[in-house]
Amino acid sequence: ETGVTQSPTHLIKTRGQQVTLRCSSQSGHNTVSWYQQALGQGPQFIFQYYREEENGRGNFPPRFSGLQFPNYSSELNVNALELDDSALYLCASSLTGRGGDVETQYFGPGTRLLVL
Amino acid sequence: GQQLNQSPQSMFIQEGEDVSMNCTSSSIFNTWLWYKQDPGEGPVLLIALYKAGELTSNGRLTAQFGITRKDSFLNISASIPSDVGIYFCAGQINYKLSFGAGTTVTVRA
C-alpha cells in the first residue's frame with residue numbers, strides 16, 4: 001500500500017453536473033498529481049499541485065481545476081461534466097525537493113467516475 | 001504531448017516462462033518507471049530507473065533505461081499466476097509522467 005487515499009471510490013453523475021474528487025497524499029510528500037485513465041488506456045496527466053499552486057498542466061480544458069491544501073491533500077473539480085469524462089481518476093503523491101526535482105510518484109486506488 | 005509506444009499490447013504466457021516487454025519514445029526522458037495495475041486498483045510502482053544505461057532488478061523483475069534515454073524494457077523471469085495484470089511504462093521529465101498504453105499479461109497455468 002502506498003498510503004495515498006482517494007474518495008469516493010465510485011461516483012455516478014449526469015451530464016452537465018459538477019464533481020469534486022479528493023486525495024490525501026502519502027506522509028512526507030508535498031506534491032499531488034492528477035491523472036485521467038480511460039478504459040483500456042494508460043493514465044493521462046491532468047495537472048500537478050505543489051505549494052498549493054498548479055505546477056504544470058496537461059492537455060485538459062479549464063473546466064478541470066484543482067486545489068491543494070496546507071496539509072498537502074488535494075481536490076480535483078470537474079465542471080459541466082461530459083460523457084467522455086467517464087474514467088478512473090488517479091492521484092499520485094510525491095516529494096518535490098528544494099531544487100524543484102519531483103521524485104517518484106506513488107498512486108492511490110483511484111475514483112471511478114461514470115457520467116450518464 | 002510525448003507519446004510512448006509500448007509493446008506487445010498483450011501476451012499469453014505459460015507459467016514458468018520469461019516475459020519481455022518494451023517501451024519506446026520519440027522524446028528523451030530523465031526517468032523511466034514501470035508500474036503494474038490490477039483491476040480496480042491504481043498503478044503500483046515496480047521499478048524506477050534514473051540513469052541512462054542503468055539496469056535494475058526487483059526480485060524476478062529486471063528493467064533497463066536505454067542509452068538513448070528514449071526506451072526501456074522490462075523482463076519478468078519464471079512467471080507465476082500473480083504476474084497477471086497490466087504493465088505500464090512511464091517516462092518522466094520534470095513534473096510530468098507520460099504513460100504507454102499498457103501490456104496485458106495473462107498467465108496460463
Side-chain angles (χ1 to χ4, degrees), chain A residues 1-7 9-10 21 23-26 30-51 53-60 68 87-97 99-112, chain B residues 1-11 21-25 27 29-51 54 56 58 61 63 65 72 74 85-106:
Chain A
E1 296 233 345
T2 62
V4 181
T5 61
Q6 291 186 243
S7 63
T9 55
H10 296 83
L21 310 181
C23 173
S24 291
S25 59
Q26 183 173 315
N30 56 14
T31 302
V32 174
S33 305
W34 286 92
Y35 293 81
Q36 181 195 65
Q37 186 177 22
L39 203 60
Q41 297 182 21
Q44 297 291 316
F45 176 73
I46 302 175
F47 43 53
Q48 183 180 88
Y49 276 81
Y50 170 60
R51 290 185 174 176
E53 291 186 355
E54 188 178 289
N55 189 41
R57 189 178 186 95
N59 190 26
F60 280 81
Q68 186 180 33
L88 180 67
Y89 287 85
L90 296 161
C91 84
S93 82
S94 55
L95 178 65
T96 299
D101 291 336
V102 180
E103 297 186 5
T104 306
Q105 298 182 26
Y106 295 88
F107 285 83
T111 293
R112 175 77 60 188
Chain B
Q2 296 103 335
Q3 187 163 352
L4 272 65
N5 298 307
Q6 189 171 346
S7 64
Q9 185 177 1
S10 62
M11 56 171 59
M21 59 193 79
N22 66 74
C23 210
T24 60
S25 171
S27 303
F29 291 106
N30 294 334
T31 303
W32 279 95
L33 306 110
W34 286 90
Y35 290 87
K36 179 173 181 270
Q37 187 174 28
D38 292 327
E41 298 182 14
V44 173
L45 181 67
L46 299 175
I47 291 183
L49 303 153
Y50 301 104
K51 192 175 173 182
E54 179 182 353
T56 297
N58 177 10
L61 308 177
F65 190 145
S72 177
L74 174 71
I86 305 176
Y87 293 78
F88 289 99
C89 62
Q92 181 170 349
I93 190 146
N94 297 325
Y95 53 81
K96 180 182 172 183
L97 280 181
S98 298
F99 282 83
T103 295
T104 301
V105 173
T106 306

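Sequence lines set the chain letters: A, B, ... in the order given, protein chains first and strands last, and positions in each chain run from 1. Below, each value reflects all heavy atoms present in this structure, side chains not excepted, and no hydrogens, waters or symmetry copies. Quantities reported herein were computed from a predicted structural model and do not represent experimental measurements.
Scanning for side-chain hydrogen bond (donor to acceptor under 3.5 Å, both in side chains) contacts around Arg51(A) gives an empty result, with sequence neighbours left out.
No more than 12 heavy atoms of other residues, nucleotides or ligands lie within 6.0 Å of CD in Gln9(B), so this atom counts as exposed by the packing criterion.
Note that the CD atom of Gln44(A) and the NZ atom of Lys96(B) stand 8.0 Å from one another [nearest 0.5 Å]. Atom-to-atom distance recorded for Gln41(A):CD and Ile86(B):CD1 is 11.5 Å, nearest 0.5 angstrom.
Considering only heavy atoms from C-beta on, Gln48(A) stays 4.5 Å or farther from Asn94(B) through its side chain. A 4.5 Å side-chain heavy-atom check between Leu97(B) and Ser33(A) finds every atom pair outside the cut-off.
Of the atoms belonging to Asn55(A), heavy atoms from both backbone and side chain fall under 4.5 Å from chain B. Contacts between Gln6(B) and chain A at a heavy-atom distance below 4.5 Å are absent for every atom of the residue. Using a 4.5 Å cut-off between heavy atoms, Tyr35(A) contacts chain B through its side chain alone, with no backbone atom that close. Of the two parts of Gln6(A), neither the backbone nor the side chain holds a non-hydrogen atom closer than 4.5 Å to a non-hydrogen atom of chain B.
Annotation for Pro43(B) and Leu90(A): closest pair CD-CD1, 3.7 Å, computed over non-hydrogen atoms. Closest approach of Tyr95(B) and Gln105(A) over heavy atoms only: O-NE2, 3.2 Å. The heavy-atom pair separating Glu41(B) from Leu88(A) by the smallest distance is O-CD2, 4.2 Å.
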